[in-house]
Structure formats: C-alpha cells, structure tokens
2 protein chains.
Amino acid sequence: MTKLPLDKPLSISYNATGCNDQERMMMAKTVQTIEDIARLANVSKSTVSRALNDSPLINQETRERIQSLAREYNFRINAPARNLSMRQSHTLGFVSYACSGKNFSAENMFGLELLGGVSDGLRPLGYDLLVVPVEPHDTTWAHQYLNSGRVDGFVLTISTRKQKMINELVNMGIPFILWGFPQPNSSFCTVCGDDVTGGRIATEYLIRTGRQHIGFLGGPMDEIEVKYRHHGYELALQNAGRYLDPDLVVYGDYSHTSGITAMKRLLEQKPDLDAVFVNSDVMALGAIQYIQSCGKRVPEDIAVVGYDDLLLARYNNLPITTIRQNIPLAGKLLAENLIQYIQTGVVTNVNLPVELVIRKTA
Amino acid sequence: MTKLPLDKPLSISYNATGCNDQERMMMAKTVQTIEDIARLANVSKSTVSRALNDSPLINQETRERIQSLAREYNFRINAPARNLSMRQSHTLGFVSYACSGKNFSAENMFGLELLGGVSDGLRPLGYDLLVVPVEPHDTTWAHQYLNSGRVDGFVLTISTRKQKMINELVNMGIPFILWGFPQPNSSFCTVCGDDVTGGRIATEYLIRTGRQHIGFLGGPMDEIEVKYRHHGYELALQNAGRYLDPDLVVYGDYSHTSGITAMKRLLEQKPDLDAVFVNSDVMALGAIQYIQSCGKRVPEDIAVVGYDDLLLARYNNLPITTIRQNIPLAGKLLAENLIQYIQTGVVTNVNLPVELVIRKTA
DNA sequence: CCTTATACTGCAACCGGTTGCACGCCGGCA
DNA sequence: TGCCGGCGTGCAACCGGTTGCAGTATAAGG
C-alpha cells in the first residue's frame with residue numbers, strides 16, 4: 001500500500017482504498033478495531049488512535065478523514081483495551097447494600113433518585129456507572145473493585161455512608177465522593193444540601209402563614225443533616241421570638257412507617273399542633289396519612305412541609321409543599337467532582353442551595 | 001531461578017521464594033499482576049492464570065499453593081485485561097431511560113426493586129451490572145455498548161420494553177432478556193409472572209370472603225400482562241357464576257395518581273362496589289387513599305388486593321393484601337438466564353408462580 | 001531397556017488499544 | 001549547498017491477562 005498524497009480530495013482517498021460501496025457495506029460489520037480503520041485510511045494505528053482522541057499531533061485533514069471514516073463504519077472503540085492501556089476504567093461505582101431490600105425500595109427513594117441523577121450526570125462525561133453491592137460489614141469491596149480496575153472511584157449516598165466505612169475509605173486512600181457533609185479532620189469530596197437554610201425557610205414559611213405550634217419531625221437524630229435542619233428550625237423560631245418547645249420535636253428514620261408513628265407521637269404530645277416540618281417527603285406522606293386518619297385536614301388543620309421534592313411529592317394526589325433538593329444538579333456534581341478528583345486530586349465540598357416549593361399541603 | 005521439586009513440602013516452597021514475612025508485607029502493595037504471583041511462586045504466569053481459574057491442567061498442590069499466595073497478597077485479577085483477552089466483559093447492562101425521572105422514581109418502584117434483584121442475582125455469578133441510560137428514540141445504544149465491549153447483554157424491564165425497541169433488538173441480534181411475555185414469532189429470553197393465575201386467585205379470594213361487587217383496576221390496557229390479569233379476573237368470576245359487568249373495569253397507568261383517579265371513576269360507576277383488585281401496589285396505595293377520603297373503610301367497606309408485593313406493601317401503615325411477585329427470584333433468573341443465553345445460546349422463557357399474601361386490606 | 005502415554009508446565013502469540021521515541025520531509029536561513 | 005527545526009507519522013513496546021502448542025518428566029507397558 002502506498003501512502004496517499006494529502007492534497008487529494010477526500011472522496012478519492014476513499015476510493016483509493018480500493019473498495020466500492022458494496023464492499024464497504026460488507027466490511028461495515030467487520031470494522032471493529034482501530035487497525036481496520038488504519039488499513040482503510042492508509043495510516044498506522046497510532047495515527048488512528050491519536051486522530052480519534054483529537055491529538056494535536058495529527059494533521060487536521062488526516063484527523064477529519066479518519067474521524068469520518070470511523071463514523072461511516074460505525075466504529076466503537078474497545079473499552080477493555082483502552083481501559084487496560086490507560087489504566088483507568090472510565091467507570092464509577094455506585095455503592096449500595098447487597099441485600100437489595102435495603103436500598104432498592106421506596107424507603108430509599110431519595111437515594112434512588114440520586115442514582116438516576118448521577119447516571120444522567122455521568123453520560124456527557126463519557127463515564128459509565130456500575131452498581132456496587134456491598135455487604136454491610138465488609139471492608140474489602142473497595143479494593144476489590146478498585147484494584148481489579150473495574151471502577152475508578154465510588155459514589156456514596158445516604159444509605160451507605162456510615163461513619164466507620166468512610167473513615168476506612170479515607171485511610172485506605174480510596175477515591176470517592178459522598179452525598180453529605182465534609183468532616184473537619186479528613187479531606188474528601190462531598191456534595192450536600194444547605195440543610196440549615198432548608199430547615200429555616202420551611203419553618204419561616206409556616207410562621208409567616210400564621211401557624212402557632214410548629215412541630216419538627218426529623219430523620220435519624222444522629223445524622224448531621226438532621227441536626228442542621230433542626231438548627232434551621234430553631235433559628236426561625238428564635239428569630240420570630242417563639243419559645244422552643246421540646247415536645248414539638250420528634251425523630252423518625254426517613255421511612256414511611258416512621259412518618260406515621262412519629263406523627264402519632266407528636267400529636268399525642270401536642271394535640272394543638274397546627275403545622276409540622278417533616279424531614280423527608282416519604283415521611284411526610286406517612287404523616288399526612290396519619291393526620292387524615294385522625295379526621296383532621298391538611299393543610300387547613302395541620303400544615304405539612306416535606307423535604308427533598310421527590311417526584312412523588314409533585315405527583316401525589318395532594319401535592320406536597322416541600323424543600324426542594326436539586327437532585328439532578330446534585331447527581332451532576334457528584335459525577336463531575338469525583339472525576340475531577342480522580343484526575344487532578346482536587347477536593348471539592350459543595351453545598352447546594354435549597355428552595356421552598358409551595359404546593360397544597362402548607 | 002530454578003524450579004522447585006514438587007515433592008518438597010509447601011512451607012519450604014514458600015521460603016524458597018527467598019523472602020521473609022516482612023519483605024512479603026512490603027510487597028503486598030505491589031503485587032498487582034499474575035506475573036508478580038508467578039515470580040513469588042516460581043512458576044510461569046500461564047500456570048498462575050490456570051491455577052486461579054481452577055484449570056484441571058494444573059497439579060492440585062501447585063494450584064493450592066498459588067491460590068493461597070494470591071489470597072495472602074490480596075491479589076485482584078485485572079478486569080480490563082481479562083475482558084480484553086476473553087472478549088467478554090462479564091458485565092450486563094440494565095437499560096433505563098436517560099432522563100432519569102422516568103425510571104428512578106416511585107412510579108417505577110417495581111422496576112427499581114427488580115434492578116436490586118438483578119444486582120443481587122448477578123453477584124454470585126461474578127458478573128457486574130452497568131446502568132445503561134437510553135434516549136427514548138435512540139436505536140444505537142445497543143451496538144454502542146455491545147461493540148465497545150462494555151457489556152455482554154442487556155436486561156429490559158417494564159419501562160423500557162416498548163414493542164418497537166424489542167423488535168429492533170431481535171433483528172440486530174442483540175443478546176438481551178426481558179421482564180415480560182415472549183412473542184409468538186420471535187425468540188428471545190423472558191421471565192414473567194403468571195398473571196392469569198394472579199388475577200384469578202386475587203379475585204377468587206375476594207369472592208370467597210363474600211364480596212359481591214368486585215372491581216378491576218388495571219394497568220395500561222394494551223399491556224399483555226394486564227390483559228392476562230383481567231382474564232384471570234374474568235375466569236374467577238365466571239367460575240363463580242357471576243355476571244361480568246363492564247362498569248367494574250377501569251384502567252390506569254401503574255402510577256399512584258392513576259390509582260386515585262381510576263378508583264374515583266370506579267366508585268362513580270359502581271357506588272355499591274365492595275372490593276377491588278388493583279394491578280399494582282403503588283396504584284393500590286392511591287386507591288386506598290381515595291376510598292378513605294370518601295369516608296369508607298378498608299377493608300370493611302371496600303376490600304383491596306394489590307399486585308407485586310413491593311416492600312412498601314409490607315411496611316405500609318395498613319399492610320396491603322397483595323399478589324406477590326417473587327422479585328428476588330425474578331432478578332436471579334433474569335441474571336442467570338441471560339448469561340446462559342450469552343454463553344450457550346439457549347433461549348429460556350420462564351413463567352414465575354405468584355402467590356396471594358393476605359394482610360390487612362382484604 | 002526402550003517406547004509411548006500421561007500429567008504438568010512453559011513459551012509465545014494474541015486481545016485492541018496508548019504512547020515514547022525515532023524518523024522523514026519540508027521550508028528557512030546562512 | 002548544507003544545516004537545522006518543526007511538523008506529522010510510524011514503529012514497537014507495553015498494559016495484564018488467556019490459551020494453543022510444544023516440551024519435559026514420570027509412569028506404564030512391551
């Protein structure tokens with residue numbers, strides 16, 4: 001094969017490969033490697049590789065010719081080969097507990113929407129998302145997936161971010177990003193919502209709309225984000241000169257059931273309650289259910305503000321007034337910032353603004 | 001390096017590598033390839049490869065020695081290298097729509113639980129699960145993921161199994177498995193539930209417990225599984241000598257909202273309704289909510305039987321009587337049978353038994 | 001004792017990319 | 001005319017596994 005003079009038009013270059021349209025159709029199915037493209041373009045496979053990666057080393061005409069050839073023949077680069085060669089997988093792992101019930105259920109709806117958000121955020125970056133099932137007390141999964149070159153890093157969300165596990169990951173130098181708050185001592189990437197503000201604006205809205213006895217129905221008491229939301233709740237009350245009544249504060253575990261039971265407790269403690277700020281939409285659904293089962297009306301008798309703005313808050317029969325967490329953006333940032341960390345080592349800690357979405361329950 | 005005589009005890013073989021415990025600790029971090037293991041074991045890397053893959057070619061002692069070395073040094077085989085060499089990715093793709101709201105929301109809870117089931121089912125098989133986001137009208141994703149060697153095949157569930165897409169996959173010869181029913185003409189792998197029986201036993205139970213006017217609240221009218229469930233419903237009624245009242249039949253779209261609106265329609269058409277068989281737990285939740293909002297009691301005034309037995313049916317405040325689909329088993333079979341198809345070309349069509357779970361709503 | 005079968009093991013090619021380095025060709029300048 | 005530098009390209013090694021085939025040692029059989 002002789003090399004083509006570069007000053008010839010592209011169409012002639014094509015024909016110079018010595019195959020007509022029909023033959024090309026036949027080959028379409030067999031063009032699988034950059035070497036095939038190289039043969040078609042009369043160049044070496046290094047040139048093809050560089051051209052497809054937009055390397056500045058390559059002459060522009062050559063690059064375009066090769067790229068259009070690749071397009072024409074529907075060439076897909078071989079991921080394992082590239083990953084092997086480059087020693088990175090271009091894949092992130094989404095950590096979830098192995099016994100799927102814990103994660104893949106309505107109780108973890110926020111985590112699942114976040115999964116969708118991360119998946120969407122990853123697409124434009126050319127990365128893939130792998131589901132990484134983890135045994136609760138196993139500590140080897142990280143090395144297992146990392147050292148085998150299956151993923152370049154991990155995304156941890158609510159259900160899998162126990163303190164102990166995070167510390168271990170940090171100690172082992174595993175690249176990961178966390179949905180949640182950063183820690184003072186150790187440095188790792190995080191994305192979280194502005195929970196203080198969330199708690200504050202929810203409560204302020206209830207105050208502003210004339211509610212007198214505003215309850216706080218929290219998530220797990222030991223979670224930082226819950227503490228922050230509670231802090232925001234107190235701030236709003238204090239600013240309004242209200243008394244902080246401990247009987248107005250109860251905690252659940254984010255589940256629908258706990259929304260019901262916690263609401264029951266709250267109403268027993270404070271029968272004159274006329275509003276409640278609930279730490280998740282799923283719990284809010286439970287709370288509303290309980291309130292209605294008592295013969296009270298939402299929002300007339302008791303106003304309810306949820307948290308997260310899940311889709312089910314929007315499409316519920318009685319659409320929920322709630323604090324929106326920007327889940328698509330959160331997913332995008334989890335994806336982008338983890339990849340940035342992997343590539344550059346830059347640690348980012350993002351705090352996302354939240355916003356009050358007024359619907360029908362308050 | 002001289003080869004070790006095989007009749008020497010294992011412990012000596014270890015020492016023969018000429019490194020003490022401390023050195024071995026040091027190396028622990030650098031043992032990344034089978035070549036490293038080969039050096040340690042004084043064998044060639046082919047032998048290590050075969051030993052780790054339990055090849056019968058390898059002497060049992062040698063194999064055990066190598067395997068324990070691998071364990072000791074915490075060796076993880078390099079996935080890209082193996083995938084490249086074997087020309088398979090050992091990874092399955094779970095197809096979901098790209099704009100995540102469509103999939104990763106409570107409306108698609110069954111699909112999400114199935115995702116968890118597939119993930120769990122895949123683990124013991126040594127396969128990974130990749131999230132494959134698909135643009136609704138894109139037809140190139142399959143080749144994109146397959147030809148790039150990122151996945152060996154696909155799992156399709158409810159939200160992504162439009163007829164057109166399936167036909168295209170079949171025509172292109174893409175390996176996939178479907179949650180749903182097989183088609184008479186084309187042959188591909190499927191796993192589905194026994195919807196006729198499901199519809200029948202739900203209805204029979206309502207008849208047996210003395211209900212007189214039993215409604216059918218279906219999923220989308222054009223879905224085969226819905227037709228089967230309706231067929232089962234009719235069978236039960238006919239067997240009991242009941243009249244088939246078309247006013248007792250309404251349809252929704254599996255969503256919570258549609259459960260509410262369809263229930264409303266049903267009660268308007270048949271105010272004396274005293275039971276309803278609903279095609280999904282999520283819709284059942286909506287139906288129950290509407291019934292209660294009318295001041296009627298569940299199950300005293302109106303009995304409700306759901307479908308799927310999602311976790312939320314179990315943990316709901318008023319646990320739902322429902323038709324259990326064995327989701328963990330479904331996931332396991334989707335995983336196993338797709339892999340079997342990929343490896344052997346055997347097409348399987350499984351119909352899973354369903355079962356009535358009696359709780360509080362009927 | 002020699003032949004041949006058997007049981008292991010090693011060599012080397014291969015999977016399909018990436019990339020450091022060498023090389024050829026060109027124009028510009030002395 | 002000769003030398004130099006830069007641009008564009010190709011060669012070949014490498015990433016870390018798998019596997020066909022050849023080779024060796026040992027045992028079995030004649």
Side-chain angles (χ1 to χ4, degrees), chain A residues 1-7 13 30-66 70 73 75-90 126 146-150 152, chain B residues 1-7 13 30-66 70 73 75-90 126 146-150 152:
Chain A
M1 272 189 181
T2 57
K3 205 150 65 178
L4 287 173
L6 288 177
D7 54 337
S13 303
T30 64
V31 171
Q32 303 288 7
T33 76
I34 58 170
E35 198 145 13
D36 297 333
I37 302 281
R39 235 188 317 275
L40 289 170
N42 252 320
V43 295
S44 72
K45 66 176 191 168
S46 4
T47 300
V48 174
S49 171
R50 294 193 175 102
L52 295 180
N53 289 310
D54 283 317
S55 159
L57 286 178
I58 299 298
N59 177 294
Q60 174 152 356
E61 284 180 63
T62 316
R63 179 186 342 180
E64 283 167 4
R65 186 163 56 93
I66 291 175
Y73 284 93
F75 169 75
R76 309 285 174 203
I77 205 162
N78 183 289
R82 189 183 45 142
N83 294 345
L84 172 60
S85 184
M86 301 185 69
R87 297 142 143 277
Q88 33 173 322
S89 63
H90 300 276
L146 210 56
N147 291 349
S148 66
R150 282 181 290 179
D152 296 334
Chain B
M1 271 187 182
T2 58
K3 206 150 64 177
L4 288 172
L6 288 177
D7 53 337
S13 303
T30 65
V31 171
Q32 303 289 7
T33 76
I34 58 169
E35 198 146 12
D36 298 331
I37 301 281
R39 234 187 319 273
L40 289 170
N42 252 322
V43 296
S44 71
K45 66 175 191 169
S46 4
T47 300
V48 174
S49 172
R50 294 195 175 100
L52 294 181
N53 289 311
D54 284 316
S55 159
L57 285 178
I58 299 299
N59 176 295
Q60 175 153 354
E61 285 180 63
T62 315
R63 180 186 341 178
E64 283 167 5
R65 186 162 57 93
I66 291 174
Y73 284 92
F75 169 75
R76 308 287 173 201
I77 205 162
N78 183 290
R82 189 184 45 145
N83 294 345
L84 171 60
S85 184
M86 300 184 70
R87 295 143 145 279
Q88 31 173 326
S89 64
H90 301 275
L146 209 57
N147 290 350
S148 67
R150 283 181 290 178
D152 296 335

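Convention: sequence-line order gives letters A, B, ...; per-chain numbering from 1. Because the structure is a prediction, the values reported are computed rather than measured.
- Checking Leu84(B) against Pro56(B), the closest nucleotide of DNA chain C that is more toward the 5' end is the one next to Pro56(B).
- Every side chain to side chain donor-acceptor pair (under 3.5 Å) that Ser148(A) has, sequence neighbours left out, goes to Arg150(A).
- Between the C1' atom of dG16(C) and the CZ atom of Phe75(A) lies a distance of 8 Å, rounded to the nearest Å.
- The distance from atom CG of Asp54(A) to atom C1' of dT18(C) is 15 Å, rounded to the nearest whole Å.
- Rounded to a whole Å, the CD1 atom of Ile34(B) is 13 Å from the P atom of dC15(D).
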Gln88(A) and His90(A): CA distance, side-chain angles, deciding distance, side chain to side chain contact (heavy atoms under 4.5 Å, CB included) verdict = CA-CA 6 Å; Gln88(A) 33 173 322; His90(A) 300 276; 4.0 Å; yes
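- Between Ser85(A) and dG16(C) there is no side-chain polar atom (N or O) within less than 4.0 angstrom of OP1 or OP2.
- Spacing between atom CG of Asn83(B) and atom P of dT18(D) amounts to 10 Å, rounded to whole angstrom units.
- Arg87(A) has a side-chain polar atom (N or O) that falls below the 4.0 Å cut-off from OP1 or OP2 of dG16(D).
- With sequence neighbours excluded, the residues forming a side chain to side chain donor-acceptor pair (under 3.5 Å) with Asp152(A) are Ser89(A), listed by chain and number.
- Between Asn53(B) and dT18(D) there is a side-chain polar atom (N or O) within less than 4.0 angstrom of OP1 or OP2.
- For Asn59(A), the listed nucleotide lying nearest its side chain is dT9(D); candidates were dT18(D), dG17(D), dT9(D).
- Between the CE atom of Met86(A) and the P atom of dA13(D) there is a distance of 22 Å, rounded to whole Å.
- For the pair Thr62(B) and dT9(C), the criterion of a side-chain N or O lying under 4.0 Å from OP1 or OP2 is met.
- Of the candidates dG16(C), dC15(D), dT9(D), dT9(D) carries the atom nearest the Leu57(A) side chain, counting heavy atoms from C-beta on.
- Atoms CZ (Arg150(A)) and P (dC15(D)) sit 22 Å apart, rounded to a whole Å.
- Counting only distance, with no hydrogens or angles, the side chain of Arg63(A) and the backbone of Ile58(A) share a donor-acceptor pair below 3.5 Å.
- Atom pair Arg76(A):CZ and dC15(C):C1' shows a separation of 21 Å (rounding to whole Å applied).
- With sequence neighbours left out, Arg76(A) forms a side chain to side chain donor-acceptor pair (under 3.5 Å) with Asn74(A).
- The minimum heavy-atom distance linking Asn59(A) with Glu61(A) is given by the pair OD1-N, 2.7 Å.
- With sequence neighbours excluded, the residues satisfying side chain to side chain contact (heavy atoms under 4.5 Å, CB included) with Ser46(A) are Ser44(A), Arg50(A).
- For Asp36(A) and dG16(C), the CG to P distance is 9 Å, given to the nearest whole Å.
- Contact between Arg65(B) and Ala41(B) at its shortest, heavy atoms only, is NH1-O, 2.9 Å.
- Between its opening and closing five pairs, the helix from dC1(C)-dG30(D) to dA30(C)-dT1(D) changes axis direction by 70°, a value rounded to 10 degrees.
- The side chain of Ile77(B) lies closest to dG17(D) when the candidates are dT9(C), dG17(D), dT19(C).
- For Leu52(A), the side chain to side chain contact (heavy atoms under 4.5 Å, CB included) partners at least two apart in sequence or on another chain are Ile34(A), Val48(A), Ile66(A), Gln67(A), Ala70(A), Phe75(A).
- Interface residues of residues 43-51 of chain B facing DNA chain C, ordered by number: Val43(B), Ser44(B), Ser46(B), Thr47(B), Arg50(B); criterion, heavy-atom separation under 4.0 Å.
- With sequence neighbours left out, the salt bridge (Lys or Arg N to Asp or Glu O under 4.0 Å) criterion links Arg82(A) to no other residue.
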